[in-house]
Amino acid sequence: MSQLNDAAAPDEGTGAAAHPEFPTHFDFRSAETTLSEAWEAARLFRAEAARTTRAGGERDPFTILIPPPNVTAVLHVGHGLNNTVQDVLIRWRRMVGDEALWLPGTDHAGIATQNVVEKILATEGKTRFDVGREAFVERTEAFVEETGGLILKQLRAIGASADWSRTAYTFSPALSRAVREAFVRLHERGLVYRGHRVIHWCPRCLTSLSDEEAEFHDSVGKLYHIRYALADDASQGLTIATTRPETLLADVAVAVHPDDARYAAFVGRTVALPLTGIALPVIADAYVERAFGTGALKITPAHDANDFDVGKRHGLAMPVVISPEGRMGEIVDAAGRVPAELRGLDRFDARRRIVQQLEASGALVKVETHAHSVRHCYRCDTVVEPRLSDQWFVRMAPLAEPALAAVKDGAVRLLPEKWEKVYINWLEGIRDWNISRQLWWGHRVPVWTCGDCGHADAHREDPTACGTCGGTKLEQDPDVFDTWFSSWLWPISTLGWPDEESEDLKAFFPSDVLVTAPDILFFWVARMIMAGYAFMGRAPFHSVYLHGTVRDMKHRKMSKSLGNGIDPLDVVERYGADALRWTLIQGMGLGVDVMLDPDDLDKSFAPGRNFATKLWNIGRFILLQVGEDPVTPLAQVDAAAFTLADRWILGRLDAAIAECDAALGPARPRAGHWPPADRQVGLRLDAYAEAARRFVWNELADWYVEAVKARLAERGADREVARAVLVHMFDQGLRLLHPIMPFVTEALWQRLPGATPGRFLAASRWPSTARTDWRGARDSRGGAHTGGSEFDVVREAIDAIRRLRSEYAVTPGQTIRTYVAKGDGGAVLVENAALVHRLARSEVHVGAAPAGAAAHAVLPSGLELALPLEGMVDLEKECARLRVELAGLARQLGALRGRLANEQFTARAPAEVVEGERAKEREWSARAEQLSAKVAELCG
RNA sequence: GGGCGAAUAGCUCAGCUGGUCAGAGCACCUGCCUUACACGCAGGGUGUCGGGGGUUCGAGUCCCUCUUCGCCCA
C-alpha cells in the first residue's frame with residue numbers, strides 16, 4: 001500500500017466484502033471540497049446581528065476576530081495552528097447555540113508590504129523614489145488587488161468556518177475612516193503630540209520604528225576604551241567606554257556619577273574630543289553606572305535615547321552626524337564635527353576608520369569583547385540607528401491605566417497565566433508610542449499645516465482652507481501611521497466603528513476570545529485593550545488565548561529562511577485537513593509549543609489521518625450493520641430494555657460530554673468579570689480532544705461496538721435497542737469531534753440513518769448531559785466498587801483472561817474455558833458470556849475448575865477466575881506469578897495500613913480522605929486474602 | 001541589569017486548589033488478515049518526578065537554595 005492515502009484505489013482485501021458505496025477509507029480530497037461548498041451554500045457561518053440577545057434575539061453572541069494576517073501572506077503552519085484553534089472554538093460555540101461570528105480579514109501591513117513591493121521594484125533596478133510616491137502607492141494597491149488575500153482562500157482549505165461575507169481589510173475605506181477618527185479623537189483629547197526626540201530609525205526602510213518594532217538581538221561586540229584628555233592639561237584625562245565609537249563625533253559632554261570619587265576632580269572641567277579636539281564639559285549625572293566600563297560616559301544626545309535625556313537635563317546641544325541612510329555627515333547642528341574623509345561613509349565603515357585613527361593617535365586605550373543586545377528592524381533585520389527626529393507620539397500612560405486595571409480586576413484574562421504578569425510588567429512601564437512612519441504605504445497622518453500662518457491641525461475630512469487664517473496653501477503631513485495604529489482598532493473598526501449605531505457593533509462588540517501568539521502581546525493585544533477602553537469604554541474581549549509556536553524537532557521556530565517549514569496545504573493534500581487539525585489540536589497544551597518534524601510528516605500527521613480512518617470505519621460498521629431502516633430515538637427506548645453494556649456506554653457518554661465541557665468552558669465570564677477561580681479554567685483543547693477521542697475510540701469502538709455485534713445479528717426488540725443506542729452514541733461522538741475534525745465527521749453524519757438533506761452536523765446541537773432522560777436507567781451498581789459499574793466487571797474479566805492467554809502464549813484461535821467461583825459477581829459474567837467469548841475466546845463456567853494445571857486471577861471486584869490450561873501452565877511459574885502479584889499488593893497494603901495506624905493521619909486528615917483510605921484497605925485486604933488463599937492452595 | 005517561566009518514561013508532554021498521580025501519545029517489543037478498520041486488534045515497561053534543604057500526619061504537587069534551559073523587557 002502506498003504511503004499516500006489514495007482512497008480512490010480499490011479496497012485491498014482483508015476479507016471484508018467490498019462495499020463500493022462505502023470504501024474502507026475516507027476520501028477526504030473529494031469530501032473536503034464538497035462539504036466546504038455545501039456549508040458555504042447553506043450559509044451556515046453567517047452570523048446575524050438580529051438574532052443576538054444584544055439585538056433582542058434569542059442567542060448569546062460569541063465573537064472571535066481573526067488576527068488579520070498580512071495581506072501578502074501565504075499560509076504557513078503557524079497560521080494553521082492559530083486559525084484551527086479559532087475554528088474549533090467558533091464551531092463549538094455555534095453548536096452550543098450561540099450566534100457565532102468569526103470575522104476574517106487581512107492587514108495592509110504597511111512596512112512589510114512596502115518592502116515586498118520595493119523588492120519587486122529592485123528587480124527592475126528601481127527604488128520607490130524613482131517611481132514617486134503616488135505611482136508607488138498605486139502599484140502597491142494593484143499588487144495587493146492581484147495577489148492579496150490568498151491566505152483567506154487557503155484558510156477555507158483547512159476548514160475555517162469564518163463569515164466570509166464580513167471579510168475586512170485594514171486599509172479599506174471603512175477601516176481607514178476608523179483610523180482617522182481615532183487619531184483625531186486622541187488629538188482632541190491631547191493624547192497625541194509631535195515629539196522631538198531620539199527614536200529607532202531603520203536606515204534601510206528609511207523610517208522610524210516603535211520600541212516594539214526594534215527587536216533586541218544578542219550579539220558579541222566590542223567595548224572600546226577611549227581616552228579624552230583634559231583640554232588644558234593633556235597629561236590628565238578620562239577614559240570612557242563605548243560600543244559605538246563612530247558616534248563620538250556627536251559627543252557633547254562626558255558624564256560621571258556625582259558620587260564617584262575617582263572623577264570628582266574632573267567635574268566642571270573641559271576635555272578635548274579625540275580626532276576633532278572639540279571642547280566637551282565634564283558633567284555629573286546619576287544616570288551613569290559607576291560599575292560599567294570605566295565609569296565615565298560619553299554623551300551623544302542625538303544618537304542615544306538615554307544620552308538624549310541627559311542632554312535635556314543639562315541643556316546640551318544635540319548635533320546629528322548620521323544621515324537617514326546611515327552615513328556619516330554633518331546633518332543637523334554638526335558643522336565642523338565630521339572630518340571630510342569620513343563624510344558619506346557608512347556608519348560601520350566609519351567605525352572601523354575611527355578606531356584606526358584613535359589607535360594611531362594613541363587615544364584608544366583598549367578594546368574588550370562585549371556581549372550585548374543590539375536593536376534590529378523587525379522587518380528587515382537591519383541594525384537600528386537611534387536618531388533624533390520629529391515624530392507623532394501617543395501618550396500611553398492614560399490609555400494604559402484602564403487596560404492594566406482590566407487584567408488586574410478580571411475583566412480580561414490572559415491564558416496561560418504567566419502572560420498576565422508579563423502584560424502587567426509592560427504596562428506598568430509603558431512608554432509613549434511612536435506612531436508615525438516615513439513610509440508611503442499606509443494611512444496618511446491627517447494633519448495639515450497652513451503654508452501661510454503655520455497653523456497645524458488634525459482633520460476628519462480633508463480641509464480646503466486653513467481654519468485659522470483662511471489660507472489655502474495647506475500641506476498634509478507626509479508620514480503614514482504605524483500599521484499597528486490601524487490593527488489596534490480591529491475589534492471595533494471591523495464591526496462598524498466609528499458608526500456607533502452599527503448593528504454589528506451593537507450585536508457583536510465586545511467580542512469574546514482573542515486567539516494569538518504571545519509575540520504580539522504588546523504590538524497588538526495590549527493596544528487593542530487600550531483602544532477598546534479609549535473608544536468604546538470597555539475591553540474588546542474577555543479572554544486572550546496565547547498559544548505556542550510551531551517548532552521543528554530541534555526546537556527551532558519554523559521559518560522560510562531556515563527551510564524547516566511545513567506547508568499546511570501540502571499536509572491537507574497528503575493527509576487531509578482533519579489530520580492537520582487533529583495533530584495541531586491534540587498536541588497543544590495551553591500555551592505549549594507544538595513540535596513537528598518537517599522531515600517526517602508521517603510521524604506528525606499519520607495519527608490524525610489514522611484517527612479519521614478509524615472514525616470512518618466505525619461509521620462504516622454502523623451503516624452496514626444497522627442499515628437504513630428508521631432507528632428509534634433513544635428517548636423513546638424503554639429504559640428497562642437497556643443491557644449492562646448500554647447503560648455503561650450511556651454513562652461513558654455523559655462522562656465524555658462533561659469532560660469536554662469542562663476542558664473547553666466556561667465560554668464567557670458569568671458576570672462580566674472572571675472570578676479568580678475561573679481565570680485559568682477552560683480552553684484546554686488538548687484535554688477536550690483526548691476526552692472525545694477516548695470516548696469514541698477506546699470506549700465506543702473498543703467495547704461497545706464489540707458488545708453490540710451479537711445483538712445486531714438477531715432480529716427482535718433487543719436489536720432495535722442496540723441500534724438506537726449505537727446510532728445515538730456515534731451521532732453524539734461525531735458532534736463532540738466535529739469542531740476538531742469537521743470534514744470526516746460531517747461526511748459520516750450525513751450518512752447516518754435518519755439524515756436528511758440540508759441538515760448539517762456543523763449546525764447541529766452540541767451534546768448535553770442535561771438533555772438525557774435516561775439518567776434514571778443508569779447502572780444499578782454504578783460506583784459500588786473501584787471497578788465502576790457491573791459492565792466494568794465484565795471488562796475486567798475479559799482483560800484478565802486476555803492477559804493470561806498472552807502470558808501462557810495460548811494460540812489466538814483456541815477457545816479456552818474460564819471458571820468463575822460462585823458468588824454474585826459470577827452471574828454478570830454468565831449473562832455476558834457471549835461477549836466474553838467474542839472478546840477473550842473463552843467459555844464461561846460457574847464453579848470450581850476441574851483438577852489440573854490452571855491459570856488464576858483475582859479481580860479487584862472480588863471475582864476469582866480459573867483457566868484450565870492443561871499442558872500450557874507450569875505450576876512453578878504460576879506460583880511465582882501469583883506470589884509477585886501478592887507481594888506487590890502486600891507492599892501497597894502495608895503502606896496503607898501504616899498510614900491508617902498513624903494517629904496524626906487519622907486525626908488530622910480530612911474525614912473523607914481517611915474514609916477513602918479505609919475503604920481501600922478493606923478492598924485490598926480482601927483481595928490479598930483471596931490471593932494468598934489461592935497461593936496456599938496451589939503452591940502449598 | 002530587571003521581570004517571568006520551565007526542568008516528570010527514549011521523544012513530546014498531562015498531572016487543577018498537597019492524600020492510587022507516577023500518567024497519555026509517539027517510538028519500541030511480541031502475537032494476530034479475530035469479516036468496520038493492518039491508517040487495525042490484543043498483550044508488554046521504563047521513571048531516586050534536575051540536585052540539596054525545609055514546611056506537613058503526608059510533596060512532582062507548597063517554601064528556600066543551587067544547577068541547567070527558555071521567554072519578555074531595558
Side-chain angles (χ1 to χ4, degrees), chain A residues 1 3 5 11-17 19 22 24-26 211-212 216 289 291-292 305-306 373 375 416-426 428-429 431 518-519 521-522 549 551 553 555 575 579 586-597 602-604 606-625 662 676-677 680-681 684 686-687 690 693-694 697 701-702 705-706 709 786 798-799 802-807 809-813 838-841 892 895-896 898-899 902-910 912-914 916-917 920 924:
Chain A
M1 188 150 182
Q3 275 283 313
N5 179 359
D11 288 342
E12 298 190 26
T14 52
H19 288 273
F22 215 135
T24 56
H25 292 84
F26 173 48
D211 292 340
E212 290 69 36
F216 285 99
E289 242 181 89
F292 182 81
N306 291 315
S373 273
R375 298 246 201 188
E417 191 176 16
K418 62 174 174 173
W419 294 111
E420 293 191 346
K421 292 172 186 147
V422 175
Y423 173 94
I424 288 167
N425 191 261
W426 185 73
E428 285 180 340
R431 298 151 63 97
D519 51 347
L521 181 58
F522 306 142
T549 307
R551 298 179 184 276
M553 301 320 280
H555 296 195
Y575 299 90
Q586 69 81 35
M588 196 178 52
L590 186 62
V592 172
D593 290 345
V594 177
M595 308 295 170
L596 300 176
D597 190 345
D602 233 48
K603 194 167 131 195
S604 301
R609 178 204 55 197
N610 296 352
F611 183 33
T613 305
K614 181 72 185 182
L615 273 178
W616 183 254
N617 277 290
I618 300 168
R620 186 167 185 265
F621 168 81
I622 291 172
L623 214 84
L624 298 180
Q625 298 300 314
Q680 293 294 314
V681 176
R684 262 44 174 205
D686 57 336
E690 174 55 19
R693 188 203 65 80
R694 200 201 51 234
W697 196 327
D702 289 350
V705 165
E706 294 303 330
K709 277 178 177 171
T786 48
I798 290 170
D799 280 339
R802 281 171 168 174
R803 259 196 309 277
L804 290 173
R805 292 184 64 115
S806 174
E807 186 89 28
V810 179
T811 315
R838 165 176 272 281
L839 296 185
R841 292 256 164 160
Q892 286 183 290
L896 186 57
R899 203 176 311 158
N902 183 343
E903 275 182 35
Q904 296 280 20
F905 172 70
T906 49
R908 303 172 81 155
E912 63 269 25
V913 171
V914 177
E917 301 287 271
K920 230 189 304 181
W924 289 3

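Residue numbers begin at 1 in each chain, while the letters A, B, ... track the order of the sequences.
- Both distances falling under 3.5 Å, in either a Watson-Crick or a G-U wobble arrangement, place B:rC4 opposite B:rG70.
- Separation of the P atoms belonging to B:rA6 and B:rG50 is 12 Å when rounded to the nearest angstrom.
- Remark: the separation of the C1' atoms in B:rA7 and B:rC66 is 13 Å, to the nearest Å.
- Per the geometry, CZ belonging to A:Arg693 stands 12 Å off C1' belonging to B:rC26, to the nearest Å.
- Residue contacts for A:Asp686: at a heavy-atom cut-off of 4.0 Å it reaches no nucleic acid atom on any strand shown.
- The residue A:Val594 sits apart from the nucleic acid: no heavy atom pair falls under 4.0 Å.
- Residue A:Glu690 has its side chain nearest to B:rA24 when only B:rC13, B:rC37, B:rA24 are considered.
- Note on A:Trp419: only backbone sugar-phosphate atoms sit closer than 4.0 angstrom, heavy atoms only; bases stay farther off.
- When both distances must be under 3.5 Å, the Watson-Crick or G-U wobble mate of B:rU61 does not exist.
- For A:Arg803, the side-chain atoms get nearest to B:rG44 when compared with the rest of B:rA42, B:rG44, B:rC4.
- Aromatic ring pairs are classed by plane angle as parallel below 30°, tilted from 30° to 60° and perpendicular above 60°; the pair A:Phe26 and A:Trp616 is tilted.
- Distance A:Trp616 CH2 to B:rA36 P: 16 Å, rounded to the nearest Å.
- Only the P atoms considered, B:rA42 is 43 Å distant from B:rG5, to the nearest whole Å.
- As the counterpart of B:rG25, B:rC11 is assigned, both hydrogen-bonding distances of the Watson-Crick or G-U wobble pattern falling under 3.5 Å.
- Looking at A:Arg805, its side chain does come within 3.5 Å of a backbone N or O of A:Thr811 through a donor-acceptor pair.
- For B:rG40, neither phosphate oxygen OP1 nor OP2 lies less than 4.0 angstrom from any side-chain nitrogen or oxygen of A:Asn617.
- Heavy atoms of A:Trp697 sit under 4.0 angstrom from primed sugar atoms or phosphate atoms, though from no base atom.
- Using Watson-Crick or G-U wobble geometry with both donor-acceptor distances under 3.5 Å, B:rC16 finds no partner in any strand shown.
- Both A:Trp924 and A:Gln625 sit near RNA chain B, but only A:Trp924 has its closest nucleotide nearer the 5' end.
- The separation between A:Phe621 atom CZ and B:rA36 atom P is 6 Å, rounded to whole Å.
- Atom C1' of nucleotide B:rC11 and atom CG of A:Leu596 are separated by 14 Å, given to the nearest angstrom.
- An OP1 or OP2 oxygen of B:rC72 is reached within less than 4.0 angstrom by no side-chain nitrogen or oxygen of A:Lys421.
- Using a 4.0 Å heavy-atom distance criterion, A:Ala701 is classed as a base contact.
- Distance CG (A:Leu623) to P (B:rC37): 14 Å, rounded to an integer number of Å.
- Checked against B:rG31, B:rC41, B:rG43, the side chain of A:Arg802 finds its nearest nucleotide in B:rG43.
- B:rU68 and B:rU8: their C1' atoms are spaced 16 Å apart (whole Å).
- Taking each heavy atom of A:Arg838 and A:Lys709 in turn, the nearest pair found is NH1-CD, 3.3 Å.
- With B:rG44, B:rA36, B:rC73 as the choices, the nucleotide that has an atom nearest any side-chain atom of A:Trp426 turns out to be B:rC73.
- Between A:Lys614 atom NZ and B:rA36 atom P there is a gap of 11 Å when expressed in whole angstrom units.
- Residue A:Arg375 places at least one side-chain N or O closer than 4.0 Å to OP1 or OP2 of B:rA74.
- Taking 4.5 Å as the limit, every side-chain heavy atom of A:Arg693 sits out of range of all side-chain heavy atoms of A:Lys614.
- Among the heavy atoms of the strands, none lies under 4.0 Å from A:Phe611.
- At a cut-off of 3.5 angstrom, the base of B:rA24 holds no donor-acceptor pair with the side chain of A:Gln586.
- In terms of position along RNA chain B, the nucleotide closest to A:Gly619 lies nearer the 5' end than the nucleotide closest to the other residue of the pair A:Asn306 and A:Gly619.
- Residue A:Thr24 has its side chain nearest to B:rC37 when only B:rG31, B:rC37, B:rC39 are considered.
- Here the separation of B:rG18 from B:rG60, taken at their P atoms, is 14 Å to the nearest Å.
- Straight-line distance from the CD atom of A:Glu428 to the P atom of B:rC73: 16 Å, rounded to whole Å.
- When distances run from any side-chain atom of A:Lys418 to the nucleotides B:rC13, B:rA36, B:rC4, the shortest one goes to B:rC4.
- Side-chain atoms of A:Ser806 never come within 3.5 Å of backbone atoms of A:Arg802 as a donor-acceptor pair (strictly under, hydrogens ignored).
- Taking atom P in both B:rG45 and B:rU61, one finds a spacing of 27 Å when rounded to whole Å.
- The listed nucleotides are B:rC72, B:rU34, B:rA36; the one nearest the side chain of A:Val422 is B:rC72.
- The gap from the P atom of B:rA36 to that of B:rC29 amounts to 29 Å, rounded to the nearest Å.
- The interatomic distance linking A:Ile618 (CD1) with B:rC41 (C1') rounds to 13 Å, in whole Å.
- Rounded to a whole angstrom, the distance from the C1' atom of B:rG1 to that of B:rG19 is 44 Å.
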